[in-house]
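The analysis underlying the following values was restricted to heavy atoms, covering all of them including side chains, and did not include hydrogens, waters or symmetry mates. Index from 1, following the sequence.
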Amino acid sequence: QVRLVESGGGLVQAGGSLRLSCAASERIFDSYAMGWFRQAPGKEREIVAAISWSGDSTNYADSVKGRFAISRDSGTSTVHLQMYNLKPEDTAVYYCAASTFTGVAATSRKFYTHWGQGTQVTVSS
C-alpha cells in the first residue's frame, strides 16, 4: 500500500522554472512528514527541502533557499517542490521521501523510511 511517485522533471534552461510533484498513498500522506532529496552523478544524495506533517515547519538546503518552495496538498495527497531560477548546479535526480518523525522537517536521510523512484531534472547553460 506504500507508494510514492514523482513527476514534473525535465530539461530547462538556466533561469527557468519547474514544479515537481510527489503523489503519495493516503495512508503515507496522513501519517508522515515529507522531504525532497537529490543526487547528482558522482555525489551522495543530499537534502533539498523538507516539510513536517502539519506543514508548520520547513527546512531547505542553503543552496536552494529563496529559489525553491515545498508545500503539501491534502486534497490530492501530493507534495510539491516549486523551483525558480534554476542553475546548472541543480541538475540531479530528485527523490521524494517519507519520514515517521512527523513533528519536524528532518534533513537527515536516516529519518526517512520510504522513497520514490526519482525524476530527472537537467538545467542547461
Side-chain angles (χ1 to χ4, degrees):
Q1 298 282 3
V2 176
R3 183 176 175 85
L4 298 172
V5 181
E6 303 96 334
S7 63
L11 175 65
V12 64
Q13 292 184 331
S17 302
L18 286 173
R19 188 172 80 155
L20 306 183
S21 297
C22 174
S25 66
E26 186 174 341
R27 184 181 71 83
I28 288 291
F29 191 85
D30 290 344
S31 304
Y32 291 78
M34 304 295 294
W36 285 96
F37 292 76
R38 67 186 181 187
Q39 187 166 20
K43 297 184 178 181
E44 294 189 358
R45 194 169 300 183
E46 64 179 3
I47 186 69
V48 176
I51 187 167
S52 63
W53 173 83
S54 67
D56 291 335
S57 179
T58 58
N59 282 307
Y60 296 90
D62 289 341
S63 60
V64 306
K65 287 181 179 178
R67 299 189 297 119
F68 292 9
I70 189 171
S71 61
R72 302 177 68 113
D73 185 343
S74 61
T76 58
S77 298
T78 302
V79 181
H80 301 285
L81 183 68
Q82 181 66 58
M83 305 185 293
Y84 296 105
N85 191 25
L86 284 161
K87 304 176 180 180
E89 302 94 283
D90 296 318
T91 295
V93 177
Y94 284 69
Y95 297 90
C96 178
S99 169
T100 58
F101 289 79
T102 58
V104 298
T107 57
S108 175
R109 289 172 57 188
K110 68 180 182 180
F111 296 112
Y112 290 84
T113 57
H114 297 85
W115 297 81
Q117 295 296 312
T119 185
Q120 176 71 47
V121 172
T122 302
V123 184
S124 62
S125 301

Between K87 and D90, is there a salt bridge with N-O shorter than 4.0 Å? no

Tell me if a side-chain donor or acceptor on T91 pairs with a main-chain N or O of V123 at a distance below 3.5 Å. yes

Any chance you could measure Y32, atom OH, to H114, atom NE2, to the nearest 0.5 Å? 4.5 Å

Report the relative orientation of the aromatic rings in F111 and F101; use parallel for angles under 30°, tilted for 30 to 60°, perpendicular for over 60°. perpendicular

Pairs flagged by disulfide bond (SG atoms under 2.5 Å apart) wherever residues 33-99 is involved - sequence neighbours left out: C22-C96

Could you walk me through whether F68 and L18 pass the side chain to side chain contact (heavy atoms under 4.5 Å, CB included) check? CA-CA 10 Å; F68 292 9; L18 286 173; over 6 Å; no

Does the E6 side chain pair with the main chain of Q117, one donor and one acceptor, at a distance under 3.5 Å? yes

With S63 via side chain to side chain donor-acceptor pair (under 3.5 Å) - residues at least two apart: R38

Check for me whether R45 meets the cation-pi criterion with Y95, that is, NZ or CZ under 6.0 Å from the six-membered ring centre and within 45 degrees of the ring axis. yes

Rounded to the nearest 0.5 angstrom, the CD-CD distance for E46 and Q39 is 9.5 Å

Please check this pair: side chain of N85 against backbone of R67, looking for a donor-acceptor N/O pair closer than 3.5 Å. no

What are the two closest heavy atoms between A97 and Y112, and how far apart are they? CB-CD2, 3.5 Å

Go through the structure and list residues passing side chain to side chain contact (heavy atoms under 4.5 Å, CB included) with W53, not counting sequence neighbours. R72, T102

Kindly compute the distance separating OG (S7) from NE2 (H80), expressed to the nearest 0.5 Å. 9.0 Å

Minimum heavy-atom separation for A24 to L4, with atom names? CB-CD2, 3.6 Å

